[in-house]
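Chain letters run A, B, ... following the sequence lines, proteins first, then strands; residues in each count from 1. All values below come from the heavy atoms of this structure, side chains included, with hydrogens, waters and symmetry mates left out.
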2 protein chains.
Amino acid sequence: MAALSRKHDVFQAIADPTRRKLLRLLADKEMPVTVICGHFPISRTAVSKHLRILADAGLVKERKVGRETRYRLEPTPLLELKEWLSFYERFWDNKMAMLKHYVENGKGHIVDADGDDK
Amino acid sequence: MAALSRKHDVFQAIADPTRRKLLRLLADKEMPVTVICGHFPISRTAVSKHLRILADAGLVKERKVGRETRYRLEPTPLLELKEWLSFYERFWDNKMAMLKHYVENGKGHIVDADGDDK
DNA sequence: TTGATATGAAACCAAATGGTTTCGTATAAT
DNA sequence: ATTATACGAAACCATTTGGTTTCATATCAA
């Protein structure tokens, strides 16, 4: 799962809002570039470059059909993101987990109202 | 949960590997800038700017203690990421979900070995 | 064959990004 | 009071990014 030395990593790929919209769009169905472009206010070439970046990150797959290239979502690299995120799961709204974390790490970053470490 | 019109959004904030390391580091405990810098090969000012970006995204909180500024992780904005990611959950390794998705969307992007739509 | 359509590649550009060094200022220590 | 420490702000710089327009090529249609 370890990044596979791709030219573009997932984190950087999804940083751009246009690319996130692309993923969302291609999740519903496979589409040729021209159709995809209909959903964006930028040039076809610009869309093409975004698609290249997504492909480099492994997030979309292309398939030639006649003179058109159809793109579709390839969701598996998002697992890397999910995995990364899972580290922080314990910090959310789970008091028990917080306590567990506190115990495990000794006098951690729990702070009282004075603003000083306990 | 809707982005709150911050100067930097979470997606962009976590795109940089240095910033991801920072989050990871500050998850364990609150730290002043100088200590943080000890973990990175770049200048203090550079680290400071990364911290500013993380703070703008709401991912770290700062607290002045004497002449030092201590930073700590603030994980809640990561929920936006989790939420975004949850949309794609159904695409992973769950054949039932795939089928459900297929049924719901009619003849979607399911493709056979010939490489043509069914 | 002769267009028209679908797309990528190349060259180019302005703005953003990640880094540096230098300077200013607030707090702590002597 | 003076010096040292901790930090942010400002100015600057090279590279990357997101966009454009123009050109080349492959396929479909007449």
With sequence neighbours left out, which residue pairs that include part of residues 37-57 of chain A fulfil the salt bridge (charged side-chain N to carboxylate O under 4.0 Å, His left out) condition?
->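 For residues 37-57 of chain A: A/Lys7-A/Asp56, A/Arg52-A/Glu62.
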Sort out for me which residue in B/Leu85, B/Leu78, B/Leu79 forms a side chain to side chain contact (heavy atoms under 4.5 Å, CB included) with B/Lys82.
->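 Looking at B/Leu85, B/Leu78, B/Leu79, the match for B/Lys82 under the side chain to side chain contact (heavy atoms under 4.5 Å, CB included) is B/Leu79.
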Rounded distance (Å) that lies between atom C1' of C/dG8 and atom CD1 of A/Ile36 |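 Interatomic distance, CD1 of A/Ile36 to C1' of C/dG8: 14 Å.
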Check the pair A/Arg19 / A/Ile53 against side-chain contact (heavy atoms from CB on, under 4.5 Å), numbers first and verdict last.
-> CA-CA 9 Å; A/Arg19 286 196 289 270; A/Ile53 288 169; 3.5 Å; yes
Side-chain heavy atoms of B/Val10 within contact of B/Glu80, under 4.5 Å |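 Counting from C-beta outward, B/Val10 and B/Glu80 do come under 4.5 Å.
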Does [X] have any side-chain hydrogen bond (donor to acceptor under 3.5 Å, both in side chains) partners at least two apart in sequence or in another chain, and if so, which?
| X | answer |
| --- | --- |
| B/Lys21 | none |
| A/Gln12 | none |
| A/Ser43 | none |

Only pairs at least two apart or in different chains count here, so list each ring-ring contact (aromatic ring centres under 6.0 Å, His included) that has a residue in residues 47-79 of chain A.
->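 Qualifying pairs, neighbours excluded: none.
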Please collect all ring-ring contact (aromatic ring centres under 6.0 Å, His included) contacts where either partner lies in residues 10-42 of chain A, sequence neighbours excluded, each pair once.
->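 Listed once each, the pairs are A/Phe11-A/Trp84.
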Is the backbone of B/Arg24 close enough, under 3.5 Å, to the side chain of A/Tyr88 for a donor and an acceptor to pair up by distance?
->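 Yes, because the side chain of A/Tyr88 sits within donor-acceptor range (under 3.5 Å) of the backbone of B/Arg24.
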Please step through side-chain contact (heavy atoms from CB on, under 4.5 Å) for the pair B/Ile36 and B/Leu26, ending with a clear verdict.
-> CA-CA 8 Å; B/Ile36 297 172; B/Leu26 296 173; 3.8 Å; yes
Where along residues 42-55 of chain A does a heavy atom fall under 4.0 Å from DNA chain C?
->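 Hits under 4.0 Å, by residue number: A/Arg44, A/Thr45, A/Ser48.
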By a strict heavy-atom criterion of less than 4.0 Å, which residues belonging to residues 12-20 of chain B are in contact with DNA chain D?
->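 Output list: empty, so none.
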Not counting sequence neighbours, which residues clear salt bridge (Lys or Arg N to Asp or Glu O under 4.0 Å) with A/Lys61? List them please.
->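 Checked A/Lys61 against salt bridge (Lys or Arg N to Asp or Glu O under 4.0 Å); zero matches.
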Applying side chain to side chain contact (heavy atoms under 4.5 Å, CB included), name anything that partners A/Pro75, two or more places apart in sequence or on another chain.
->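 Counting only residues at least two positions away or on another chain, A/Pro75 forms a side chain to side chain contact (heavy atoms under 4.5 Å, CB included) with A/Leu73, B/Phe91, B/Trp92.
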Provide the start and end nucleotides, 5' to 3', of the part of DNA chain D that has atoms under 4.0 Å from heavy atoms of chain A.
->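 With heavy atoms of chain A under 4.0 Å away, the range is D/dT17 to D/dC28.
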Under 4.0 Å between any heavy atoms, over every strand shown, what does A/Phe40 touch: base, sugar-phosphate, or nothing? Just pick one.
->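 Answer is nothing: A/Phe40 stays at 4.0 Å or more from every strand.
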Contact string for nucleotides 25-30 of chain C, one letter per nucleotide 5' to 3', B = base within protein heavy-atom range under 4.0 Å, S = sugar-phosphate only, - = neither, reads --BSS-
For B/Glu62 and for A/His8, find the nucleotide of DNA chain D with the closest heavy atom, then tell me which residue's nucleotide is more 5'.
->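 Going by which nucleotide is closer to the 5' end, it is B/Glu62.
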